[in-house]
Amino acid sequence: RSTLFPYTTLFRSSINDIPKIKQNLLNLSLKGNAESELMRPFSLKILLNTLSSNKETQLKTWLEETLSRRNEYKEKVKNLIQINKFKGDPLGGGENAEGGWNNFFDKTEIKQLINLDVDRTFQDRDLFCEASIKEIEYNILFLFEEDNQPIGYKQGMSDILAMLIFTLYPYYTKSNNKQYDNELFEKWINDPMNNINDIYCFFNDEDEFESDLFYLMNNLMKLGINKFYEDSQDKDKNKVNYLIKRCEDVFDLLKIVNNKLYFHFIDIKLDTAVIMQRWIKCIFTREFHPKDCSVIWDIIISNEIMHPSGEFTYINYFCVAMIDFISEELLKKDQNECFQRLFSYPPLETVQTLVALAEKIRSNINNDDNNNNNNKEKKNTTNKASQSSMADFLYSAKSKNNNTTKTNSTTTTNNNTSNNNNVKKAPNLMFGGDYRSNKKKVDLFPKDNKTNQTTNQISSSNNNKKKVPMFGIDNNNN
């Protein structure tokens, strides 16, 4: 590059504050402006964590971990399975036939599949017709197959790698330094401004392009993209395939955003899952120009970093935005025409139109969710308040009733006390006393002031009543 002004500004302003660098690059990516600032390589490497960004990170950390990772990749290449060094007869078996020759044939099939996919990915671009780029793709995808078990390599992953190549290749250049050591690193660290060109070339060394790509793709897939490639033929038949579930989620979201178009798809029996699978698995690489797709990727990745879900949920909003944007056209078409339109998305003047629409959809959905949560909280608060007020009312009524009862009880007790002043109290039976030993008869049933009648009188009056014969039989009249 003729100018390295963004790099110079970056290192001068916050070389000792790596988290601040990450936040600045994140803000650029969220707006889709990483390319305009010539910062996309650093942006992807930091966001995908091939360059660390914690508080302890310094320029020296970046230099050392980049060099270490590149050396590690070279070891991976050297340690590739040697398919021509197996014992035993491939036809008659042998001691290592199961682990060696079976593995040999399995890897041969994978290599054929990778070669087939590489030969047909982005072939309308001259860059991807070059033998050197095809070799890079093949090596990375085969190594990724080894490291990405049990999922391994699946069709569509070549599109992910091709998009990374298209995005980063223009930034990589030849480096004047071929030997990197601590002495050289110390020189750069002590005076980064005067060595900015060498630092740039180190991080974007053309000879190390393959190793950098491998770790970028590996980290991107582990961030959540891997789930899109889970085997649909799961051992658990009751388990719904993840990608199919995501397609259903997009269709459900469409019902909220554009109800009319949703029912139109149902009426014409359009299976949107067929379309959504390609959109989601390849992250729109087949729907847009690679330059536009780079902007979409910046926004998708940065949104996942800002709002980590492990599922790249922003993709759902973008899918619905794509459908809603051409809804008027789709409403006039039948099933076949809708398929053709969605499989061949119309070119746009700027992809930022869809980005803005996707952001609007997400904002509205989140606001609706927040309002629903607030309404639930208000309802719960109202219920608690009504319950509280009812409890207060009952407590108040009970208190009044208790006070009235206490007042009546106090009055009755005072009256009873005044009536019983001349009555000799019965001795406490608990301590061996016996009221029957007293000469003076003790009235154990004092008068009730309300009825002015003793309990004994009530009892005697009850005795004078005619007894009811048991079981309706009068014994005196047999």
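Remember, predicted model here, so these are calculated numbers, not experimental data.
Without hydrogens or angle criteria, Asn49 side chain to Lys45 main chain gives no donor-acceptor distance under 3.5 Å. Within the 3.5 Å criterion, the main-chain N or O of Ile151 finds no donor-acceptor partner in the side chain of Asn148. The main-chain N or O of Asp298 is found under 3.5 Å from a side-chain atom of Ser302 such that the two form a donor-acceptor pair. Within the 3.5 Å criterion, the main-chain N or O of Lys222 finds no donor-acceptor partner in the side chain of Asn226. Using modelled atom types, no side-chain atom of Lys260 and backbone atom of Leu331 make a donor-acceptor pair closer than 3.5 Å.
Within the 4.5 Å cutoff, no side-chain heavy atoms of Asp271 are placed close to those of Phe265. The side-chain heavy atoms of Asn303 and Ile299, taken from C-beta on, include a pair separated by under 4.5 Å. Glu208 is listed as a side-chain neighbour of Lys74, based on a closest heavy-atom distance under 4.5 Å. With a 4.5 Å cut-off on side-chain heavy atoms, Ile189 and Leu63 count as touching. No side-chain heavy atom of Thr272 sits under 4.5 Å from any side-chain heavy atom of Cys247. In this structure, the side chains of Asp267 and Gln335 stay at 4.5 Å or more apart for every pair of heavy atoms. Annotation: side chain of Asp324 is not in contact with side chain of Leu261 (no heavy-atom distance under 4.5 Å). Side-chain contact between Cys129 and Phe122: absent, with no pair of heavy atoms (C-beta onward) separated by less than 4.5 Å.
Ionic pairing of Lys187 and Glu183 is not present here: no N-O contact between side-chain nitrogen and carboxylate oxygen is shorter than 4.0 angstrom. A salt bridge links Glu186 with Lys60: the distance from a Lys NZ or Arg NE/NH1/NH2 to an Asp or Glu carboxylate oxygen falls below 4.0 Å. Between Lys76 and Glu146 there is no salt bridge, since none of the side-chain N atoms of the basic residue sits less than 4.0 Å from a carboxylate O of the acidic one. The residues Arg69 and Asp212 are annotated as not salt-bridged, no charged nitrogen and carboxylate oxygen being separated by less than 4.0 angstrom.
The minimum heavy-atom distance linking Gln123 with Val118 is given by the pair NE2-O, 3.4 Å. For the residue pair Tyr229 and Ile160, the shortest heavy atom distance occurs at OH-CG1, 3.8 Å. The heavy-atom pair separating Lys333 from Ile268 by the smallest distance is O-CD1, 4.2 Å. Of all heavy-atom pairs between Tyr180 and Asp205, the closest is OH-OD2, 3.5 Å. Residues Met163 and Ser294 come closest through the heavy atom pair CE-OG, 3.2 Å. For Cys282 against Trp297, the heavy-atom pair with the smallest separation is O-CZ2, 4.3 Å.
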Report task. Quick one: do Glu287 and Arg278 satisfy salt bridge (charged side-chain N to carboxylate O under 4.0 Å, His left out)? Show the steps, please. Result -> CA-CA 9 Å; Glu287 322 315 321; Arg278 191 179 84 170; 2.9 Å; yes
Query raised in the report: Passes side-chain contact (heavy atoms from CB on, under 4.5 Å), Leu141 versus Leu161? Steps please.
Result: CA-CA 8 Å; Leu141 292 175; Leu161 177 60; 3.7 Å; yes
Query raised in the report: After noting the C-alpha distance and the side-chain angles of Asp207 and Lys174, does the key distance pass the side-chain contact (heavy atoms from CB on, under 4.5 Å) rule?
Result: CA-CA 7 Å; Asp207 295 334; Lys174 288 289 185 182; 3.5 Å; yes
Report task. Kindly determine whether Asp159 and Lys281 satisfy salt bridge (charged side-chain N to carboxylate O under 4.0 Å, His left out), including the steps that lead there. Result -> CA-CA 9 Å; Asp159 291 82; Lys281 284 183 74 172; over 6 Å; no
Requested in this report: Go through Ile199 and Phe185 one step at a time and tell me if the side-chain contact (heavy atoms from CB on, under 4.5 Å) criterion holds.
Outcome: CA-CA 9 Å; Ile199 294 174; Phe185 288 165; over 6 Å; no
Query - Met276/Ile323 under side-chain contact (heavy atoms from CB on, under 4.5 Å): CA gap, chis, key distance, verdict - result: CA-CA 10 Å; Met276 295 299 107; Ile323 299 173; 3.8 Å; yes
Report task. List the steps and the verdict of salt bridge (charged side-chain N to carboxylate O under 4.0 Å, His left out) for Arg341 and Glu337. Result -> CA-CA 6 Å; Arg341 180 74 288 175; Glu337 291 171 334; over 6 Å; no
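Going from atom SG of Cys293 over to atom CZ of Arg286 covers 11.5 Å, rounded to the nearest 0.5 Å. We find the OG1-CD1 distance between Thr121 and Ile133 to be 13.0 Å, quoted to the nearest 0.5 Å. The CG atom of Asp292 sits 9.0 Å away from atom CD of Gln352, with the distance rounded to the nearest 0.5 Å. Rounded to the nearest 0.5 Å, atoms CG (Leu44) and CD1 (Ile301) are 5.5 Å apart. Note: Asp147 CG to Met221 CE = 12.5 Å, rounded to the nearest 0.5 Å. Once rounded to the nearest 0.5 Å, the distance linking CG of Leu184 with CG of Asp198 reads 7.0 Å.
Screening Leu223, Ile280, Ile283 for a side-chain contact (heavy atoms from CB on, under 4.5 Å) with Phe312, the sole residue that qualifies is Leu223. Exactly one of Tyr200, Phe203, Tyr171 qualifies for a ring-ring contact (aromatic ring centres under 6.0 Å, His included) with Phe42. That residue is Phe203. Applying ring-ring contact (aromatic ring centres under 6.0 Å, His included) to Phe209 and the options Tyr172, Phe214, Tyr215, Tyr73 leaves one that passes, Tyr172.
Side-chain polar atoms of Arg246 and Tyr242 form a donor-acceptor pair below 3.5 angstrom. When only modelled atom types and interatomic distance are considered, Asp117 and Tyr153 share a side-chain donor-acceptor pair under 3.5 Å. No side-chain N or O of Arg362 forms a donor-acceptor pair with one of Asn316 less than 3.5 Å apart. A side-chain donor from one of Asp191 and Asn194 sits under 3.5 Å from a side-chain acceptor of the other. Looking at Ser52 and Glu65, their side chains do bring a donor and an acceptor atom within 3.5 Å of each other. Side chains of Glu304 and Ser309: a donor-acceptor N/O pair is present below 3.5 angstrom, by distance only.
Remark: aromatic rings of Trp279 and Phe288 are distant, center separation not under 6.0 Å. The aromatic ring centroids of Tyr262 and Phe251 lie less than 6.0 Å from each other.
Note that Arg70 lies in the cation-pi zone of Phe202, set by a 6.0 Å cut-off to the ring centre and a 45° limit from the axis. No cation-pi contact links Lys134 to Phe128, judged by a cut-off of 6.0 Å to the six-membered ring centre and 45° from its axis.
Shown here is Glu328, whose CD atom has no more than 12 heavy atoms of other residues, nucleotides or ligands within 6.0 Å. Dense packing is recorded around OH of Tyr138, with more than 12 heavy atoms of other residues, nucleotides or ligands lying under 6.0 Å away. Heavy-atom contacts from other residues, nucleotides or ligands closer than 6.0 Å to CG of Asp181 number more than 12.
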